[in-house]
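Here the structure is laid out as structure tokens; the discussion comes afterwards.
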Amino acid sequence: MSAAVSFAPRRGWSFRQPSVIPGFGLTLGFTLTYFSLIILIPLLALAIRSAGLGPEGFWKAATDARVLGSLRVSFVTALIAAGVNVVFGTLIAWVLVRYRFPGRRIFDAIIDLPFALPTAVAGIALTAIYAPNGTIGALFAPLGWRIAYTPSGIVIAMIFIGLPFVVRTIQPILEEVSHEVEEASATLGASRFQTITRIILPSLTPAILTGFALAFARGVGEYGSIIFIAGNIPFVSEIAPLLIYIRLQEFNYVGATVIATVMLLLSFALLFVINLIQAWSRRRYGYGSN
Amino acid sequence: MAATKLRARVHRRVSPTSESPLVQWTLIGIALLFMAVILLLPLYAVFHEAFVKGVGAFFAALGERDAQAAIRLTLLVAAIAVPLNVVFGLAASWAIAKFEFKGKAFLITLIDLPFSVSPVISGLVYVLLFGAGSFLGPFLKSYGIEVLFALPGIVLATIFVTFPFVARELIPLMQDQGTGDEEAALSLGANGWQTFWRVTLPNIKWGLLYGVLLCNARAMGEFGAVAVVSGKIRGQTTTMPLQVEMLYNEYNAAAAFALASLLALLALVTLVLKTALEWRFGDEIAAGGGH
Amino acid sequence: MEVRVQNVRKEFDRFPALHDVSLDIHSGELIALLGPSGSGKTTLLRLIAGLEMPTQGKIFFGDVDASEKSVQERNIGFVFQHYALFRHMTILENISFGLKVRPRSTRPPSGEIRRRAMELLDLVQLSGLEKRYPNQLSGGQRQRVALARALAIEPAVLLLDEPFGALDAQVRRELRKWLREIHDRTGHTTVFVTHDQEEALELSDRLCVMSQGKIEQVGTPDTVYDYPTSPFVFGFIGESSTLPVVVENNELWVGGRAIGLPAGDAKPGNARLFFRPHDVDLIEADASLAGVVTTARRVGGTRRVELEIGGAGHLVEVDLPFDHPAGEKTRLSFRPRRWKLFPAE
């Protein structure tokens, strides 16, 4: 490090600190080129198409009743699913970190199943289970509660794909909560319940919020696991990504572009919020959720 | 008196930083039940439905010509997309981990960008870039190059959605390892390539394998992005997940689940290998994740 | 509050950490539990706190049997080595926590809680930092907050587990002095665990030396230093040299030569002689300990000389003033001014 400092040119600004290691130009050049070709230019194509509509045209297309309906379905179901996942994800993370029971490591590994299982496979499997004649669907059908082919089905699929985001965000932070802090709380007279609600859960708050945001973002964008189980009735169970797909099938590129732009802006906003939470928790608590 | 005694006994068993066994087992029970219903049941359903019409029907479905074509296409797409993302991941992590430069944190955020883009949108951007109304599409077509509704489009969409997997695995790992080993190798007279092949790569091999594993699982299983660009031409541009969808929509559920069970098997193998890597080489994969 | 530990035994998974330990802690005293790692000192502290429950035996707070009580009911103040502050709470919230979690019937009004917390903040000399988060304080400051937090609940006993172990030497010395002051001002019965004998000797009214799950000796620092009752204590507290000797004719012999020390009431046979390197007289007499100088190095204001005594290669250390002429010699003879005999092992 000291070498790098002493060799540094006495200019106010330099793009990079000198280093004896070769390959900077080659690797960074390749990285930026590849990123531009695969990610940046295609996303710019979307932005340009969108900008080409002008504010009025964009607004008109974005406030189309069916578009708004699909966005509402996506956001409401994703919110519910992320809420369910926060509750059960926190519980699962707690159980996996704190308790010892037979099969713990296998259940811990299984958490990642939604990451590994192709979404289409999950989609048809969930449909089979929750259809009125499926294992679980048959339990609820006599009660008059249909799960598959209704918004409930969408929530189920989103719970499936969002669960690992919550668990995997909370787990490492929960492992970091020191035993001593809990003992300190007990010596100060706090009951176990007070220790959990006032000490442990608050220190997990940034992780829980991050997990919620990640699960929500994933739910809003999800397509494969939902379309089979959703029923896809406009205004009721038609999600925004599906509407993009439908618009493309109709060669209505404008309609597809507008929905995509709205969704992208919202997910970038979410990404920004997640980064804020992380920065805040690092500053405040001295640790982040990563 | 009896009450005090009872309480004393409870205290003796339960440490002040833990819950009573009753509470513990209740919580474990709820968590496992939830996981069983949400995660395990779908997995079971795939294999159950795949064999519901017997083993014969299962293999007949897999032996079908379109199914075979879908399997071949899926393997081909992964075989192109994964190595490209490996090269990118290595280049990006080398540049980011071994050097200090302005805008590095921003670049790391950008690399994760595809994760926050809906798969359907990942496909859509290529449709806009190469589709009918675009400039590039007709231009390439005049040279006989088809991108949309053909292999290049499927590969591009797959690369887009699997873009961050290898890089995000390697960057923290290589940052954690620092530059000491490389500087030592260079001071001993090794050149850049020798340093990379003989020092850096052995240090990161397990982390790289881990990233490849996850990248491959997603590449073979991607549905939304590929659905948009493939055109779903039976036997030509349908990957396995798309073939599953087509069969399912044609009310051929048994065949759909037969093909789906292959993908589920891939997911299980991925999980097993991933878990094995974590148990065996945990510290060589995650770079002190908690910090 | 007086604390009595009565025949306490503690096993972890059948591995005994404490064997039959008894200790009376006087009301208002500052007592140190001193010992190497694995001696059971932290276990004993945690048993008093109620963070562990004894396998056998009882612990009394005054006349009340506290072994029946949970940690919450014991009303103790505990200070941890790594502070264990609540990171999501401000300093003020940390200090008030113990009062805020009380049931409504015994909880002071919130204005009173705040007033008391501010008072304690003043006591630990951190006024003005009440809105900070633990993350924004230095190690020494954090440990002061931890102490204030423990004091806030007006504990019957204050327990500190290696409170200065994570701090660097300078801060450590400061905090040591400051803890003594706080103790003198508040008068809490205080037990602290340390592996640092200097800390224990300087800070405590009495110290309790522990080894391998047993108490070796309890006494004032002077008693323990001047009159160690076991070879372990002699070796663990302060500098020491040791030599195998033979007791015969009421005299001590080394290598067939009387060394001019009376055996007192020691039984004839093999024994072990202990003395402090600085507690010796250089003498020119036949009846002395004589040895060949193997190394001599200066340690601060003294010269520490290592001698080989007899042919068997027994090494002992003696201290000379650094400018003493004998420091240049190759042979030295000396006699311990004070010494202690223990049976041979």
Side-chain angles (χ1 to χ4, degrees), chain A residues 15-17 19-24 27-28 30-31 34-35 38-39 42-43 45-46 49 88 91-92 95 99 101 107 109-110 112-113 116-122 124-126 128-129 159-160 163 172 176 179 182-183 186 192 217 221 223-224 241 244-245 248 253 256 260 263-264 267 271, chain B residues 16-17 19 24 27-28 30-32 34-35 38-39 41-43 45-46 49 88 91-92 94-95 98-102 113-114 116 118-121 124-129 133 159-160 163 179 182-183 186 192 217 221 223-224 228 241 244-245 248 256 260 263-264 267 270-271 275 289-290:
Chain A
F15 173 58
R16 75 168 175 113
Q17 293 180 16
S19 162
V20 294
I21 297 174
F24 180 69
T27 53
L28 188 68
F30 179 79
T31 301
Y34 189 78
F35 176 78
I38 301 287
I39 312 288
L43 282 179
L46 177 76
R49 280 284 179 121
F88 285 94
L91 174 67
I92 289 170
V95 164
Y99 302 150
F101 52 92
F107 275 99
I110 284 291
D112 283 334
L113 181 72
L117 193 70
T119 53
V121 178
I124 60 171
L126 290 171
I129 296 167
I159 290 174
F160 175 82
L163 184 63
E176 243 185 81
H179 207 61
E182 293 172 48
E183 291 187 339
R192 187 64 189 151
Y223 175 73
I244 296 178
Y245 185 80
L248 276 178
Y253 287 5
M263 287 183 62
L264 266 188
S267 56
L271 197 66
Chain B
T17 53
E19 292 74 44
Q24 288 197 17
L27 295 181
I28 292 172
I30 296 172
L32 295 194
F34 186 81
M35 286 170 74
I38 292 294
L39 301 177
L41 198 56
L43 194 61
V46 173
E49 298 285 332
F88 161 73
W94 182 272
K98 305 292 178 196
F99 301 94
E100 290 300 323
F101 58 90
K102 297 271 184 327
L113 200 61
S116 35
S118 170
V120 175
I121 299 177
L124 166 72
V125 292
Y126 291 107
V127 174
L128 296 179
L129 202 59
I159 292 178
F160 188 109
F163 183 84
T179 55
E182 284 74 17
E183 281 164 357
L186 292 165
F223 178 72
V228 172
V244 168
E245 184 205 17
Y248 189 81
L263 288 168
T270 304
L271 276 189
T275 309

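Naming: A, B, ... by sequence-line order, numbering from 1 per chain. As the structure is a prediction and not an experimental result, all values here were calculated from the model.
Here A:L113 is the residue among A:L113, A:L43, A:I244 with the most heavy-atom pairs under 4.5 Å with chain B. Ranked by heavy-atom pairs under 4.5 Å with chain B, the first of A:L91, A:D112, A:I21, A:V20 is A:I21. Between chain A and the residues B:I30, B:L271, B:V127, the largest count of heavy-atom pairs under 4.5 Å involves B:L271. Highest contact tally toward chain A, considering only B:L129, B:T275, B:L124, is held by B:L124 [criterion: heavy-atom pairs under 4.5 Å]. Highest contact tally toward chain B, considering only A:A186, A:A256, A:A116, A:S267, is held by A:A116 [criterion: heavy-atom pairs under 4.5 Å]. With respect to chain B, the highest number of heavy-atom pairs below 4.5 Å among A:A122, A:A128, A:P118 belongs to A:P118. Among B:A217, B:G192, B:P42, the residue with the largest count of heavy-atom pairs under 4.5 Å with chain A is B:P42. Your options are B:T270, B:I121, B:V228, and the one with the most heavy-atom pairs under 4.5 Å with chain A is B:I121. Taking A:L46, A:V95, A:I38, A:I92 one by one and counting their heavy-atom pairs under 4.5 Å with chain B, the maximum is reached by A:I38. Counting heavy-atom pairs closer than 4.5 Å to chain B, the top-ranked of the candidates A:G224, A:P22, A:A45 is A:P22. Among B:E182, B:Q24, B:E183, the residue making the largest number of heavy-atom pairs under 4.5 Å with chain A is B:Q24.
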Walk me through it: do B:L39 and A:F107 pass the test side chain to side chain contact (heavy atoms under 4.5 Å, CB included)? CA-CA 10 Å; B:L39 301 177; A:F107 275 99; over 6 Å; no

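Proximity to chain A is limited to the side chain of B:E49, based on heavy atoms less than 4.5 angstrom apart. For B:A45, the part lying near chain A is the side chain, with the backbone staying farther off; criterion is any non-hydrogen pair under 4.5 Å. In this structure, the portion of A:L271 lying under 4.5 Å from any heavy atom of chain B is its side chain and not its backbone. Of the atoms belonging to B:V244, it is side-chain heavy atoms, and not backbone ones, that fall under 4.5 Å from chain A. Within the 4.5 angstrom heavy-atom criterion, atoms from both the backbone and the side chain of B:P241 approach chain A.
Applying the side-chain hydrogen bond (donor to acceptor under 3.5 Å, both in side chains) rule to B:E245 yields the partners B:K232; only residues at least two apart in sequence or on another chain are considered. Scanning for side-chain hydrogen bond (donor to acceptor under 3.5 Å, both in side chains) contacts around A:R192 gives A:E182, B:E19, with sequence neighbours left out.
Between A:Y34 and B:F163, the ring centre distance stays below 6.0 Å. Remark: aromatic rings of B:F223 and A:Y223 are close, center separation under 6.0 Å.
Using a 4.5 Å cut-off on side-chain heavy atoms (C-beta onward), A:T31 and B:W94 make no contact. Annotation: side chain of B:F34 is in contact with side chain of A:I159 (closest heavy-atom distance under 4.5 Å). Put simply, the side chain of A:S19 does not reach to within 4.5 Å of the side chain of B:T179, judged on heavy atoms.
Looking at every heavy atom in both residues, B:A95 comes nearest to A:F24 through O-CE1, 4.3 Å. Across A:I39 and B:P114, no two heavy atoms sit closer than the pair CD1-CG, 3.4 Å. What you find for B:A260 and A:I124 is that their closest heavy atoms are CB-CD1, 3.8 Å. Here the shortest heavy-atom pairing between B:A91 and A:T27 reads O-CB, 3.3 Å.
For the atom pair A:L28 CG and B:K98 NZ, the distance stands at 15.5 Å (nearest 0.5 Å). Note that the CD atom of B:E100 and the CZ atom of A:F15 stand 11.5 Å from one another [nearest 0.5 Å]. The CG atom of B:L113 lies 5.5 Å from the CZ atom of A:F35; values are rounded to the nearest 0.5 Å. The OH atom of A:Y99 sits 7.0 Å away from atom CD1 of B:I28, with the distance rounded to the nearest 0.5 Å.
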